[in-house]
There are 2 protein chains.
Amino acid sequence: MGIKRIAKLANVSIGTVDRVLNKRSGVSKETEKKVLKIIEEIGYSKNTTASRLKLAATKKIKIAILTPKSSTKWSYWKLPKKGITKAIDELTELGVMADFYDFTDSSTYKTQVKNIFLKNYDAIVTVPFFKNASNSLLNLAESINIPVVFLDTEIPLHATANFIRQNSEKAGMVAGRLLHGLVGNDGHYFIVNISNDKGIHANGKQRENGFRTFLKSIDTDINIKTITHAVDSNFTFTEELEKLFKNNNTKGIFVTNSRSHMIPPILKKHNIKNTFVIGFDMNKENIECLKNDKINFILDQNPKYQGYAAIKGLYKYITEQDASDLNIEIPIDIIVKENIIEV
Amino acid sequence: MGIKRIAKLANVSIGTVDRVLNKRSGVSKETEKKVLKIIEEIGYSKNTTASRLKLAATKKIKIAILTPKSSTKWSYWKLPKKGITKAIDELTELGVMADFYDFTDSSTYKTQVKNIFLKNYDAIVTVPFFKNASNSLLNLAESINIPVVFLDTEIPLHATANFIRQNSEKAGMVAGRLLHGLVGNDGHYFIVNISNDKGIHANGKQRENGFRTFLKSIDTDINIKTITHAVDSNFTFTEELEKLFKNNNTKGIFVTNSRSHMIPPILKKHNIKNTFVIGFDMNKENIECLKNDKINFILDQNPKYQGYAAIKGLYKYITEQDASDLNIEIPIDIIVKENIIEV
DNA sequence: TTCAGAATCGTTAACGTTCACAATAATTAT
DNA sequence: ATAATTATTGTGAACGTTAACGATTCTGAA
C-alpha cells in the first residue's frame with residue numbers, strides 16, 4: 001500500500017501526499033517536510049501501473065516515430081517498426097500510442113520534424129542520419145523538454161543524446177576477427193561498400209575502420225582493398241581487381257552493409273573461388289546465402305529489438321524518470337548457418 | 001473502455017459481463033449468448049493491468065523456483081535467478097512473487113518438489129535434470145492444473161512440457177563450424193567433457209553429438225577424440241594423448257561445458273602450441289580467457305534471459321491463457337573478444 | 001473587528017476489473 | 001393463490017493513483 005499509508009503516517013490526506021510526490025503546488029513547507037520524512041523512513045515507490053491505469057484515458061503518452069521509408073527493395077526499416085509495434089501493443093492498455101512518420105531524404109526529414117513538432121508528442125524516436133537536422137531536432141526537443149531516442153547509428157551531436165545502437169567499430173573488428181580466422185595472414189581482403197544513392201552511412205565507415213584496425217593489429221602487412229560499388233549499377237572489374245581476384249590466394253570479402261547477398265552471384269559469374277564472405281543483417285536474401293554456404297557469417301544488430309527497447313525505455317523514462325534504458329549498446333550477434341533462428 | 005461498453009450494448013450489468021467472461025456460474029444461456037454476440041461483434045480484450053491491480057492484494061500469483069544450489073565454484077545458476085528476480089521486480093506491483101528452492105542431488109530435488117506441492121503455487125520453474133523426478137513433477141502439476149517451465153536443457157518427458165532452452169545439438173554444430181574454420185580438415189579435434197561428480201549433463205552429450213555431426217558432414221575422416229576429465233582431479237596425459245598433442249598439427253579443443261577456462265593453463269604447462277579453444281558460458285574466467293586470446297570462441301545461452309523469459313511467459317499464460325512464450329528456443333550467442341558486453 | 005482573497009488541505013470520483021452481496025425474477029411447493 | 005426456494009441479474013466497494021473541486025485556515029487591508 002502506498003500513498004494511503006504515507007498519508008496516514010504523516011497525518012495528512014492522500015491529496016497532499018500526491019501533491020508532494022508530484023511536486024504540485026499548494027502545500028506548505030512544513031507539511032512537505034513532514035511527508036518527505038515519512039517517505040524517507042518507510043520508503044515509497046509508486047505503482048506505475050495504477051498511475052497509468054488512471055491516466056490512460058485522459059493523458060496518453062504519445063510517441064512520434066520518424067524512420068526511413070521502407071521500400072520493397074529496402075525493407076530493413078520494417079524491423080525496428082515491428083519491435084516498436086510490439087512494445088506499443090503491450091502498452092496500449094496503459095495509454096501509450098505511437099504515430100509513424102517516414103522520410104526519403106534530408107529535406108523530407110526536416111519537413112516531417114516540423115510536422116511532428118506541430119503536434120504535442122511526449123517523445124520522439126528517430127535515426128541520426130543528417131547531422132544538422134538531428135542537432136536542431138535535439139535542440140527543439142530539449143526546449144520543450146521531451147526525450148529523443150536515436151536508433152541504429154551513433155554520430156557525434158552537440159548535445160548528449162540517447163542512442164540505441166550497435167558499436168559499429170567493434171562490429172567491424174568482429175568481422176575482421178571472423179574473416180581472418182578463415183582467410184589468415186596471407187589472403188587478400190576486400191571491403192565492399194555497396195552504396196545506394198544516399199551515399200555511405202556512418203555505420204559503414206565505422207565498420208570499415210574497425211575491420212582495418214583489427215587486421216592491422218594482427219599484422220600490419222595484411223593486404224586490404226576497399227571497393228565502392230553503387231547498388232544499382234552493374235559490377236565491373238577494374239584490371240587491378242581482376243588480377244587480385246583471379247590469383248590463387250584465399251580471399252575475404254567484408255560487405256559493410258546488408259547487401260552481402262549481392263556478392264555470391266558476382267563471384268559465381270566470374271568464376272572466382274576460394275572466397276569467404278561476411279556481411280550484415282538477417283534479411284531473407286542473406287539468410288538464403290547462409291543456408292547455401294554462400295556467405296559464411298552474418299552480423300546482426302537486432303533491429304526489431306532496437307525498436308522494442310526504444311519504446312520500453314521511453315516508457316520507463318516518462319513514467320519513472322529513469323533514463324537507464326534509453327542508451328543501449330546492442331550486442332553484435334554472429335550468425336552462421338546453424339544458429340539461424342527463423343521468426 | 002471494455003467491460004462497461006459491452007455491458008451497455010448488451011443491456012446487462014457489468015457484473016453479468018464479468019460472469020460470462022470469467023465463466024462463472026449464474027447467468028442464463030440467453031444472456032450469455034447475447035453478451036457473447038456483442039463481444040464477437042465489437043471485440044473485447046481484457047485490460048490485464050487493471051485486472052491485476054484489483055487482484056494484486058488478494059490473489060497473488062505465486063511461483064516456485066527450483067534450481068541447483070549455486071556454490072562459489074559453480075555460480076552458473078545465479079544467472080537465471082538474476083533474470084527471474086528482474087522479472088519479479090517488474091511484476092511485484094501486479095501481485096506476482098517467487099519463492100526460491102534449491103537442490104544438490106536427485107534426492108534433495110524430490111524433497112523440495114514435495115515441499116513445493118505442500119504450498120499452493122500457481123506455477124513452477126525448474127530444470128529437467130532427473131528424468132523420473134521431472135516426469136512425476138509434471139504429472140503432479142498437471143493434476144492440479146498448474147504450468148511448469150523447464151530451463152536450460154531439454155530432455156524427452158512423457159508429457160508435452162514447456163522448455164526454455166538452447167538447442168544443444170545445434171550449439172554443438174555451431175562449435176564445430178567455428179572450430180573447423182580455424183583448424184581445417186587436417187587438424188586434430190578434441191572434445192573435452194569436464195565433468196563434476198554428478199556426471200555429464202544432457203546438454204554436454206547433445207553438444208558433442210552436434211559437434212561430431214557437423215564435422216562428419218564436412219569430411220568423414222576428420223580425427224576427433226573425446227576426453228572425459230573429472231573437474232577436481234589433476235589432468236594427466238595418457239601416452240596416446242601425449243603423442244597427439246605433441247605433434248605439429250593444428251588442434252581444436254571443444255569443451256562441452258562452462259569450464260573451458262581450465263584448458264589454457266594445461267596447454268601452457270605442457271607447452272602445447274597451435275591450439276584453438278571453444279567453450280560455453282560467459283563466466284568471468286572464460287571472459288578473462290577471451291580477453292587474453294586464450295580462448296577463441298565462447299557460446300552463450302543467455303541464462304539470465306532464460307530466467308526472465310520464464311517468469312514473463314508464465315505471467316502471460318496465467319493472466320491471458322496465452323502459452324506462446326512458455327516454449328522458447330534461446331539463440332546461440334557466439335562471443336569473441338570484440339563483442340563481449342560487460343554487465 | 002471584519003472580510004476578501006490567498007494559501008493550504010481534504011474529499012471524492014474516476015481508470016477497468018473483480019466479487020461479495022443485495023435485489024429482482026422465475027420456479028416450485030403448499 | 002401465496003409462500004418459499006432457486007435462478008438470474010444488478011450494485012457497489014475496492015485495488016493505487018490522479019486531479020478537479022470544495023472546505024478550511026490564514027493573511028492583511030479596510
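Residue numbers start from 1 in every chain, and the chains themselves are labelled A, B, ... in the order their sequence lines are given, proteins ahead of strands.
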Whole angstrom value for the distance that separates P of D:dC15 from CZ of A:Arg5: 14 Å
Sugar-phosphate, base or nothing in reach of A:Asp18, heavy atoms under 4.0 Å: base
Nearest-Å distance for atom pair OH/C1', residues A:Tyr44 and D:dT18: 10 Å
Sub-4.0 Å heavy-atom contacts from residues 48-58 of chain A onto DNA chain D, ordered by number: A:Ala50, A:Ser51, A:Lys54, A:Leu55
Protein-to-nucleotide contact annotation, 5' to 3' order, nucleotides 4-11 of chain C [B base; S sugar-phosphate only; - none; under 4.0 Å, heavy atom]: ----SBBB
Nearest-Å distance for atom pair CG/C1', residues A:Asn47 and C:dC15: 13 Å
Centroid-centroid distance, B:Phe130 to B:Phe103, less than 6.0 Å: yes
Separation of atom CD1 in A:Ile39 from atom P in D:dT17, rounded to whole Å: 11 Å
Among B:Leu66, B:Thr85, B:Val125, the one residue meeting side chain to side chain contact (heavy atoms under 4.5 Å, CB included) with B:Phe100: B:Thr85
Ring centers of B:Phe129, B:Phe150 separated by less than 6.0 Å: no
What are the atom names and distances for every N/O pair under 3.5 Å that joins the protein to nucleotides 4-6 of chain D?
none

Interatomic distance where CG belongs to A:Asn22 and P belongs to D:dG16 [whole Å]: 17 Å
Intermediate values then yes/no, side chain to side chain donor-acceptor pair (under 3.5 Å), A:Thr108 and A:Thr111: CA-CA 5 Å; A:Thr108 48; A:Thr111 334; 5.9 Å; no
Qualifying residue for side chain to side chain contact (heavy atoms under 4.5 Å, CB included) with B:Lys312, from B:Leu91, B:Val96, B:Asp325: B:Leu91
Length of the line joining A:Lys4:NZ and D:dA13:P, which is rounded to integer Å: 13 Å
Atom-to-atom span, CZ of B:Arg24 to P of C:dA20 - whole angstrom: 7 Å
Protein-nucleotide distance (A:Ile3, atom CD1; C:dT12, atom C1'), rounded to Å: 14 Å
